[in-house]
2 protein chains.
Amino acid sequence: MTTESARIYIIDDDAEMRGSLDSLLRSTGYDVVPFASTREFLGHGLADKPSCLVLDIRLQAESGLDFQERLARENIRIPVVLMTGHGDIPMTVRGMKAGAVDFLPKPFREEEMLSAVAQAIETDRSRRAADGNAGVLRQRYESLTPREREVMGLVVTGLMNKQVAGRMNLSEITVKIHRGNVMRKMEAQSLADLVRMAEVLAIRDTSITRFGSPD
Amino acid sequence: MTTESARIYIIDDDAEMRGSLDSLLRSTGYDVVPFASTREFLGHGLADKPSCLVLDIRLQAESGLDFQERLARENIRIPVVLMTGHGDIPMTVRGMKAGAVDFLPKPFREEEMLSAVAQAIETDRSRRAADGNAGVLRQRYESLTPREREVMGLVVTGLMNKQVAGRMNLSEITVKIHRGNVMRKMEAQSLADLVRMAEVLAIRDTSITRFGSPD
DNA sequence: ACCGGACCCAAACCAAAGTTTCGATAAACC
DNA sequence: GGTTTATCGAAACTTTGGTTTGGGTCCGGT
């Protein structure tokens, strides 16, 4: 149930290794896509389902560790299972610090790989769930006009309409209108809802959270 | 500034190693307390300031890795820097997965240890800051009466006073009084404040978040 | 028996939030 | 030129939120 329709990408320049990993994971029910290089992998594009990357460290063109860090820099957040035939402790530490789910020295037992991959998939599954929620919220937030966003930032900070009005040099009635639009567009059922949405979106007025009450 | 008054605990059964680590860290400005065994360490008690633990893996009585996991189980959250003379990759993975800040194979360069320790102290410093805030909130929350807590749970969920009243079989005016007490006791300046406090305290009415509107 | 605290409620307010209806200007777009 | 959209505001409400004042019961501790 956890395994069905989950995708595993493999990057290893050893064709034999690719083949055996492919058959192992495929027989377990995963959707497997093997590559011989990081370039091929990047050219392929990622599927929109729970995935993970089984990455060999020693590659011809680019070190697997370097590639892992590059993925992080480029905000490609796929769980990585590292493997290597000639690893040492500093490499392991580096890989784990960079967020690898596991680090398997070759040769490894099949169960070790399956366990690591299962955990990686589970990690990606929950990340996707969380990101999905945030994505909907971001989309709604983007539908707000600049003024509405400004009002939202001040409202979720706890300011009253009149304080927002004073800070933005508006009449209170205008603030109420913007505020109403925010509630409607964000589909918030209550102020408590809106505050929690703002927490997820990391929205807050910087001039207020840093100080107490500047004005 | 980061180093002053930070405490480093060392557990290593090799007296020579303890001595050299002690002098290295002490000369850097840390407050160092060395131990030869995990028992000694546990008997000593932890200081209430930014701290970390430099832990050798190969000990007579108890493995450092086991001890690290025991600390986690017993909820003793101190950042751990692991070191070992005879480490392998599986041990490294296990230590890093258990949350070690770093894993240093002996012999290591002084700068490596200092860098790992500095990062561990910084980790503990921010954890203490976050925990401190949560602690204050928990204390305030405990000062609430059962009814007040109940009202708070429903209010931060987004319910209006009259809805809270209906759900608790109270008059709206009573809800308002409880709600006012909650705001005062929790020292919340606004509803938005209270919602954020509830998020930190992980408070919410279970009968509401699970279903829509049971009644 | 007395006191304090938790709990409950009503009347009478006042302040804040929210809505609708009526405008109005200015910029962007076709 | 006409349309849309964002922006701003007034008047006239209704609904919530919040406080104060003044009651009341019940229970546990002294």
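Just so it is clear, the model here is predicted, and its values are computed rather than measured. Chain letters run A, B, ... following the sequence lines, proteins first, then strands; residues in each count from 1.
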Reckon A/Leu191 touches a base, only the sugar-phosphate, or nothing at all at heavy-atom distances under 4.0 Å? nothing
Which whole-number value in Å describes the distance from A/Met160 CE to D/dG18 P? 11 Å
Between C/dA16, D/dA10, C/dC7, which nucleotide has the shortest distance from any of its atoms to the side chain of A/Lys162? C/dA16
A/Gln163 atom CD is separated from C/dA16 atom P, nearest whole Å, by 9 Å
What's the CE-P distance between B/Met152 and D/dG18, to the nearest Å? 14 Å
Position toward the 5' end of DNA chain C (nearest nucleotide), A/Glu172 or B/Leu170: B/Leu170
Walking DNA chain C from its 5' end, the first of B/Lys185 and A/Arg179 to be reached, judged by nearest nucleotide, is B/Lys185
For the pair B/Glu199 and B/Arg196, evaluate salt bridge (Lys or Arg N to Asp or Glu O under 4.0 Å) and give the outcome as yes or no after the intermediate values. CA-CA 5 Å; B/Glu199 286 293 297; B/Arg196 275 185 287 264; over 6 Å; no
Which part of the nucleic acid, if any, lies within contact of A/Thr174, taking any heavy atom under 4.0 Å across all strands shown: a base, the sugar-phosphate backbone alone, or nothing? base
How long is the line joining CG of B/Asn181 and P of D/dT20, in whole Å? 11 Å
Rounded to whole angstroms, how far apart are CD on B/Glu150 and P on C/dA6? 15 Å
Selection from C/dC9, C/dT19, C/dC7 that lies nearest to any side-chain heavy atom of B/Ser171: C/dC9
Please report the distance, rounded to the nearest Å, between CZ in B/Arg184 and C1' in C/dA6. 13 Å
Going through the checks in order, is the salt bridge (Lys or Arg N to Asp or Glu O under 4.0 Å) test met by A/Glu69 and A/Arg94? CA-CA 10 Å; A/Glu69 285 161 6; A/Arg94 184 178 160 199; 2.9 Å; yes
Which of C/dA6, D/dG17, C/dA17 is nearest the side chain of A/Asn161? It is C/dA17
A/Lys176 side chain: which of D/dG9, D/dT7, C/dG18 is closest? C/dG18
Nearest to the side chain of B/Ile173, which nucleotide is it out of D/dG9, C/dA10, D/dG17? C/dA10
When you look at B/Asp124 and B/Arg127, which way does the salt bridge (Lys or Arg N to Asp or Glu O under 4.0 Å) test go after all the steps? CA-CA 5 Å; B/Asp124 198 43; B/Arg127 186 194 60 81; 3.1 Å; yes
May I ask you to verify if any side-chain N or O of A/Thr145 is less than 4.0 angstrom from the OP1 or OP2 atom of D/dA6? no
Using the rule given for salt bridge (Lys or Arg N to Asp or Glu O under 4.0 Å), can you reason through A/Asp102 versus B/Lys97, listing the C-alpha separation, both sets of side-chain angles and the distance that settles it, and then say yes or no? CA-CA 8 Å; A/Asp102 211 328; B/Lys97 274 188 176 176; 2.9 Å; yes
Closest of D/dA6, D/dG17, C/dC9 to the B/Ile177 side chain is C/dC9
Geometric class of the A/Tyr9/A/Phe35 ring pair [parallel <30°, tilted 30-60°, perpendicular >60°]: parallel
Do any side-chain nitrogens or oxygens of B/His178 fall under 4.0 Å of OP1 or OP2 in C/dC8? yes
Protein-nucleotide distance (A/Met183, atom CE; C/dG18, atom P), rounded to Å: 7 Å
From CD of A/Glu148 across to P of D/dC8 the rounded distance in Å is 10 Å
